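Below is one structure, written out as structure tokens, with a few remarks after it.
As a basis for the values below, the full set of heavy atoms in this structure was taken, side chains included, without hydrogen atoms, waters or symmetry mates. If you're wondering where the values come from, they're calculated on a predicted model, not measured in any experiment. Indexing begins at 1, ligand by ligand and atom by atom, following the structure's order.
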Amino acid sequence: MAPPAPSPRPLPTHVAIIMDGNGRWATQRGLPRLEGHRVGTENIRRIVRTFAERSIPYLTLYAFSTENWSRPPEEVGGLFRLLGEAVSREVQGLHREGVRLRHIGRLERLPEELQRQIRHAISLTQENRGLTLCLAFDYGGRDEIVDAVQALLKKGVAPEEVTAEALRQHLYAPDIPDPDLIVRTAGEMRLSNFLLWQAAYAEYYSTPVLWPDFGPQEVEKALAAYTARQRRFGALGAEG
Ligand code: IPE
Ligand code: IPE
Ligand code: MG
């Protein structure tokens, strides 16, 4: 008799997305790169709704890396403006839908107005119990680990007290569980300094679809790929 088919695994608790391909999306249409960023920023709303409808508790979106500062100043400034506008435009609606907004990265280097908009959205939504939407903006995985080590040293922690758990507790959002699934749009196969610590046992899913075209059906494909995977965490898994 054939062994029973393995039952599909439950949906992920935390999905993290590297939203890539805005520039290519615009270039393919003969448009300026910032137009791709504008449409890409608008796409965030429908993707947040899709994850909320699927009752996935945590969604992290990589929107600006510590390395993205090396782009031309007009593009960096345009990205800041688009994000600020999106936060101001969407915050009330997200609040009504019970979304809780969080941020990971270095807020203090951003323009003051953008900092203010992000801080306001975080404090307005902090008691919400729906989807936690974590925005990685001016985020770098290496900076995050360095910041955690510095925080430990400042506390005068002894070397033998520097454990994986102690370090984890000093990351930007220690209460948010590690991502189960990391999605990257636009086809690249790299992390680009995203969630280096937290990604240790995440499942990866890369799609050639560019971020502005990544809609609810693409989310379903990524979730289906995830539920079909077998995770072993270094052990032997079901057959073992
Ligand atoms: C992702 O799109 C958004 C950011 C990195 C800010 P890109 O701007 O990287 O788009 P491509 O990779 O050039 O197509
Ligand atoms: C990664 O995309 C960062 C974000 C999506 C915010 P990049 O386009 O910056 O990554 P690389 O340069 O292709 O690695
Ligand atoms: Mg890119």
Side-chain angles (χ1 to χ4, degrees), residues 14-48 50-51 58-87 89-90 101-111 114-115 117-118 133-147 171-173 176 179 181-199 202-215 218-219 222:
H14 181 182
V15 179
I17 307 182
I18 303 171
M19 306 185 291
D20 197 16
N22 292 347
R24 276 162 277 178
W25 185 93
T27 307
Q28 283 171 4
R29 287 163 177 75
L31 299 168
R33 290 179 56 86
L34 264 183
E35 187 54 18
H37 292 314
R38 190 185 64 74
V39 179
T41 307
E42 279 173 8
N43 190 39
I44 291 175
R45 194 66 188 86
R46 73 171 169 159
I47 293 303
V48 168
T50 303
F51 277 88
Y58 298 92
L59 173 65
T60 296
L61 297 177
Y62 200 12
F64 192 87
S65 73
T66 47
E67 289 71 35
N68 288 146
W69 286 99
S70 53
R71 295 191 180 193
E74 310 76 58
E75 179 162 343
V76 172
L79 279 163
F80 292 168
R81 180 177 51 74
L82 285 167
L83 185 81
E85 285 170 4
V87 170
R89 185 174 65 235
E90 307 293 350
L101 203 89
R102 296 285 295 274
H103 170 264
I104 51 172
R106 289 196 168 164
L107 217 44
E108 40 336 305
R109 289 193 295 209
L110 299 176
L114 181 56
Q115 288 188 37
Q117 285 160 320
I118 295 175
L133 171 61
C134 182
L135 215 54
F137 202 91
D138 198 3
Y139 173 86
R142 287 184 170 177
D143 271 8
E144 180 177 34
I145 293 168
V146 169
D147 286 352
L171 297 175
Y172 293 142
I176 296 183
L181 172 65
I182 295 182
V183 173
R184 182 161 188 150
T185 62
E188 280 0 302
M189 303 275 188
R190 55 177 171 258
L191 275 179
S192 302
N193 206 9
F194 190 40
L195 301 179
L196 296 183
W197 179 277
Q198 300 88 334
E203 296 294 324
Y204 291 92
Y205 177 86
S206 175
T207 169
V209 175
L210 306 177
W211 173 252
D213 295 328
F214 187 85
E218 299 300 327
V219 173

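Distance check for atom 12 (O) of ligand 2: every protein heavy atom is found at 4.0 Å or beyond.
Between Trp211 and Ile47 the shortest side-chain heavy-atom distance falls below 4.5 Å. Residues Leu191 and Ile182 meet the side-chain proximity criterion, which asks for heavy atoms closer than 4.5 Å. In this structure, Val87 and Phe137 have side chains that are not in contact, with every pair of non-hydrogen atoms separated by 4.5 Å or more.
If you look at Leu79 next to ligand 1, the close heavy atoms, those under 4.0 Å, all belong to the side chain. Residue contacts with ligand 2 for Ala63 involve N, CA, C or O but no side-chain atom from C-beta outward (heavy atoms, distance under 4.0 Å). Residue Arg33 touches ligand 1 through its side chain alone, judged by heavy-atom distances below 4.0 Å.
Each protein N, O or S atom less than 2.8 Å from the Mg ion (ligand 3) was counted, giving 1.
Proximity of a side-chain donor or acceptor of Gln198 to a complementary backbone N or O of Pro179 within less than 3.5 Å is not detected. Side chain of Thr185 to main chain of Asp20: a donor-acceptor pair is present (N/O by atom type, distance under 3.5 Å, no hydrogens or angles).
Of the protein's heavy atoms, Ser192 OG, 2.6 Å lies nearest to atom 14 (O) of ligand 2. Looking from atom 1 (C) of ligand 1 to the surrounding protein, the closest heavy atom is Met19 O, 3.0 Å. What sits closest to atom 2 (O) of ligand 2 on the protein, heavy atoms only, is Arg184 NH2, 3.6 Å.
Of the listed residues (Arg190, Glu188, Arg71, Arg24), the one carrying the non-hydrogen atom nearest atom 7 (P) of ligand 2 is Arg71. For the residues Ile17, Asn193, Asp20, the heavy atom positioned nearest atom 8 (O) of ligand 2 is part of Asp20.
For His103 against Cys134, the heavy-atom pair with the smallest separation is C-SG, 4.5 Å. For the residue pair Gln115 and Arg109, the shortest heavy atom distance occurs at NE2-N, 4.3 Å.
The 12-atom threshold is exceeded at CZ of Arg45, counting heavy atoms of other residues, nucleotides or ligands nearer than 6.0 Å.
Between the side chains of Ser192 and Arg184, at least one donor N or O lies within less than 3.5 Å of an accepting N or O.
Using a non-hydrogen distance threshold of 4.0 Å, Ala186 does not register as a contact of ligand 1.
Ligand 2 has an N or O atom lying under 3.5 Å from an N or O atom of Asn68, backbone or side chain. Of the N or O atoms in Gly23, one or more lie within a sub-3.5 Å distance of an N or O in ligand 1.
Ring geometry for Tyr62 versus Tyr139: interplanar angle over 60°, hence perpendicular rather than tilted (30 to 60°).
Residue pairs meeting the side-chain hydrogen bond (donor to acceptor under 3.5 Å, both in side chains) criterion with at least one partner in residues 68-82, sequence neighbours excluded, are Arg33-Glu75, His37-Glu75, Ser65-Asn68, Trp69-Asp138, Arg71-Glu75, Arg81-Glu85.
Glu67 and Arg190 are not joined by a salt bridge, as no carboxylate oxygen comes within less than 4.0 angstrom of a charged side-chain nitrogen.
The ligand atoms of ligand 2 that sit less than 4.0 angstrom from a heavy atom of Phe64 are 6 (C).
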